[in-house]
J.: 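The structure's right below; bear with me while I get my questions together.
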Number of protein chains: 2
Amino acid sequence: MAPRHQPALDRDRVVAAAFEQLEEDGLEALSMRRLAARLGVQAPALYWHFGDKAELLGLMSARIYAMALAETQGAIDWRGWLVAYGEALRRSFAAHRDGALLCARARPPQAIEPEVQAARLAAPLVALGLDQARALSAQAAVIAFALGWAMYAANGPMRDHLAQMLDFDATFSQGLAALVRGL
Amino acid sequence: MAPRHQPALDRDRVVAAAFEQLEEDGLEALSMRRLAARLGVQAPALYWHFGDKAELLGLMSARIYAMALAETQGAIDWRGWLVAYGEALRRSFAAHRDGALLCARARPPQAIEPEVQAARLAAPLVALGLDQARALSAQAAVIAFALGWAMYAANGPMRDHLAQMLDFDATFSQGLAALVRGL
DNA sequence: ACCTGAACACCGTTCAAGT
DNA sequence: ACCTGAACACCGTTCAAGT
């Protein structure tokens with residue numbers, strides 16, 4: 001067997017480096033060229049592994065959502081699941097610089113058909129007794145609230161001033177609880 | 001009196017043209033150079049009227065928020081005001097292509113001090129009997145929900161499929177009502 | 001299969017110079 | 001006061017060519 005060269009890059013290595021770059025300089029500075037430089041490679045090399053930059057951002061955003069989903073466990077009923085998921089989402093968005101903005105801008109990796117995707121997303125809630133349509137809309141509402149809050153908290157007009165007047169996290173939790181109670 | 005040349009540009013004309021450009025090609029294509037071309041001018045001319053692109057985007061986002069605020073009237077109590085504001089925000093975000101994304105990304109024009117800004121924002125709710133801290137946090141929650149929903153609705157992973165299963169606007173309204181009820 | 005070099009068509013922004 | 005011309009330091013992406 002002739003020795004085969006190990007490829008310098010693979011998708012996981014690139015995504016990991018992209019998260020590092022994001023942490024250090026924010027979303028605006030996350031360019032394909034800088035990312036390539038960090039990986040010791042020329043920019044076009046990335047296009048062997050990703051169709052375009054949007055695909056990379058989509059994978060990063062999927063990873064942020066997956067992180068929240070992995071933290072959501074042990075719920076007894078669907079309301080409990082939604083609250084746990086909302087809290088996990090907020091932590092997940094806050095865990096990476098510009099995390100919410102990234103998820104807002106990224107087009108999700110829609111490899112599979114929407115029907116399958118929808119069934120998969122709704123599965124945890126369906127297992128707890130919700131029908132699929134209500135599961136999807138409830139989940140969408142919780143994601144919207146967490147996403148919007150994370151963005152507001154990261155960039156809001158009076159963020160600093162607000163932070164002196166109230167507990168940001170507690171207010172989020174109250175809003176989330178209210179939303180889920182009313183669904 | 002010697003005749004004075006009318007300036008070709010002013011801030012309002014530029015903002016109006018920017019909204020046209022946004023409608024036609026979306027946020028990604030809203031560049032200073034294209035905007036200048038639409039105005040029959042060279043790109044650096046814009047920098048006489050705006051410090052940078054972020055300032056222009058901030059003004060656009062402020063206009064979107066102001067549009068919602070202007071539509072919010074006739075509320076009898078603070079819950080009614082919040083629901084009306086939330087609905088108006090959703091319409092306002094939807095009224096311009098990439099409206100929610102624009103507002104999410106834009107740094108707000110923070111000309112005035114945060115204390116004054118906070119008091120001004122809270123004023124309608126304070127007039128209806130809420131103290132300022134609760135007014136600000138309630139308003140933040142409603143904005144977060146509307147912003148997040150608009151973004152999710154514009155770009156969601158299963159938007160098309162979801163739209164077949166449920167009424168998007170009705171679901172938003174239910175979520176908003178639930179949130180406000182619980183605050 | 002995986003990456004480089006060179007190029008194309010763009011960006012935001014600055015700044016001297018024009019009027 | 002208000003705008004142009006030219007330039008700087010970047011972008012994402014394509015594509016032939018290398019190995």
Side-chain angles (χ1 to χ4, degrees), chain A residues 1-22 24-61 98 101-102 104-109 155, chain B residues 1-22 24-61 98 101-102 104-109 155:
Chain A
M1 306 266 213
R4 316 210 106 255
H5 301 277
Q6 285 295 84
L9 256 47
D10 61 73
R11 287 163 76 97
D12 275 341
R13 263 177 54 77
V14 176
V15 170
F19 271 114
E20 290 176 26
Q21 182 77 36
L22 184 68
E24 288 176 20
D25 298 317
L27 188 55
E28 296 227 335
L30 179 52
S31 76
M32 298 298 263
R33 294 173 124 103
R34 288 160 85 105
L35 182 53
R38 164 184 292 271
L39 287 159
V41 105
Q42 301 301 315
L46 299 173
Y47 288 83
W48 179 262
H49 301 275
F50 301 92
D52 55 11
K53 185 179 179 180
E55 188 183 346
L56 171 60
L57 296 183
L59 281 178
M60 296 175 74
S61 122
D98 291 336
L101 193 52
L102 168 65
R105 190 204 291 207
R107 92 159 103 87
N155 182 22
Chain B
M1 306 267 214
R4 318 212 106 253
H5 303 277
Q6 286 294 85
L9 258 45
D10 60 72
R11 287 164 75 97
D12 276 341
R13 264 177 54 76
V14 176
V15 170
F19 271 114
E20 290 175 26
Q21 181 77 37
L22 184 67
E24 288 176 20
D25 298 315
L27 188 55
E28 295 226 336
L30 179 52
S31 77
M32 298 299 263
R33 294 172 122 105
R34 287 160 87 105
L35 182 55
R38 163 184 293 269
L39 287 160
V41 105
Q42 300 300 316
L46 299 173
Y47 288 83
W48 180 262
H49 300 276
F50 301 91
D52 55 12
K53 186 180 180 181
E55 187 182 348
L56 170 60
L57 296 183
L59 281 178
M60 296 176 73
S61 123
D98 291 334
L101 194 52
L102 170 65
R105 190 204 292 206
R107 91 160 102 88
N155 182 22

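Each chain gets a letter, A, B and so on, in the order the sequences are listed, and its residues count up from 1.
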J.: For B/Gly26, is there any backbone N or O sitting under 3.5 Å from a side-chain donor or acceptor partner on B/Asp98?
T.: no
J.: Is the shortest heavy-atom distance from the side chain of A/Leu59 to the side chain of A/Val14 under 4.5 Å?
T.: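 Heavy-atom side-chain distance check fails, nothing below 4.5 Å.
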J.: Evaluate side chain to side chain contact (heavy atoms under 4.5 Å, CB included) for A/Glu55 paired with A/His49, printing each intermediate quantity in order.
T.: CA-CA 10 Å; A/Glu55 188 183 346; A/His49 301 275; over 6 Å; no
J.: Before you tell me yes or no, could you show the steps for B/Leu30 and B/Leu57 under side chain to side chain contact (heavy atoms under 4.5 Å, CB included), namely the whole-Å CA-CA distance, both residues' side-chain angles and the distance that decides it to 0.1 Å?
T.: CA-CA 10 Å; B/Leu30 179 52; B/Leu57 296 183; 4.1 Å; yes
J.: Counting distance only, does the side-chain N/O of A/Arg34 pair as donor-acceptor with the main-chain N or O of A/Ala29 below 3.5 Å?
T.: yes
J.: Is B/His49 near enough to D/dC3 that one of its side-chain N or O atoms lies under 4.0 angstrom from OP1 or OP2?
T.: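 So the side-chain polar atoms of B/His49 do come within 4.0 Å of the phosphate oxygens OP1 or OP2 of D/dC3, strictly under.
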J.: Grab the CZ-P distance between B/Arg11 and D/dC2 for me, whole Å please.
T.: 12 Å
J.: In sequence, state the C-alpha distance, the side-chain angles, and the governing distance for A/Trp48 and A/Leu9, and then conclude on side chain to side chain contact (heavy atoms under 4.5 Å, CB included).
T.: CA-CA 9 Å; A/Trp48 179 262; A/Leu9 256 47; over 6 Å; no
J.: Nearest 0.5 angstrom please: B/Asp25 CG to B/Glu20 CD, how far?
T.: 11.5 Å
J.: Name all residues meeting the salt bridge (charged side-chain N to carboxylate O under 4.0 Å, His left out) criterion together with B/Arg33; count only those two or more places apart in sequence or in a different chain, and write none if there are none.
T.: none
J.: Using atom P in both nucleotides, what's the gap between C/dA9 and D/dA9 to the nearest angstrom?
T.: 22 Å
J.: How many whole angstroms separate atom CG of A/Leu39 from atom C1' of C/dT4?
T.: 15 Å
J.: I need a per-nucleotide contact map over nucleotides 6-19 of chain D, read 5' to 3'. Cutoff is protein heavy atoms under 4.0 Å; write B for the base, S for backbone only, - otherwise.
T.: BB---BBBBB----
J.: Between C/dT4, C/dC2, D/dC3, spot the one nearest the side chain of A/Gln42, thanks.
T.: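 That would be C/dT4.
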J.: Map every base of DNA chain C to its dot-bracket character, where paired means a Watson-Crick or G-U wobble contact with both distances under 3.5 Å and | marks a partner outside the strand.
T.: ||.|||||...|||||.||
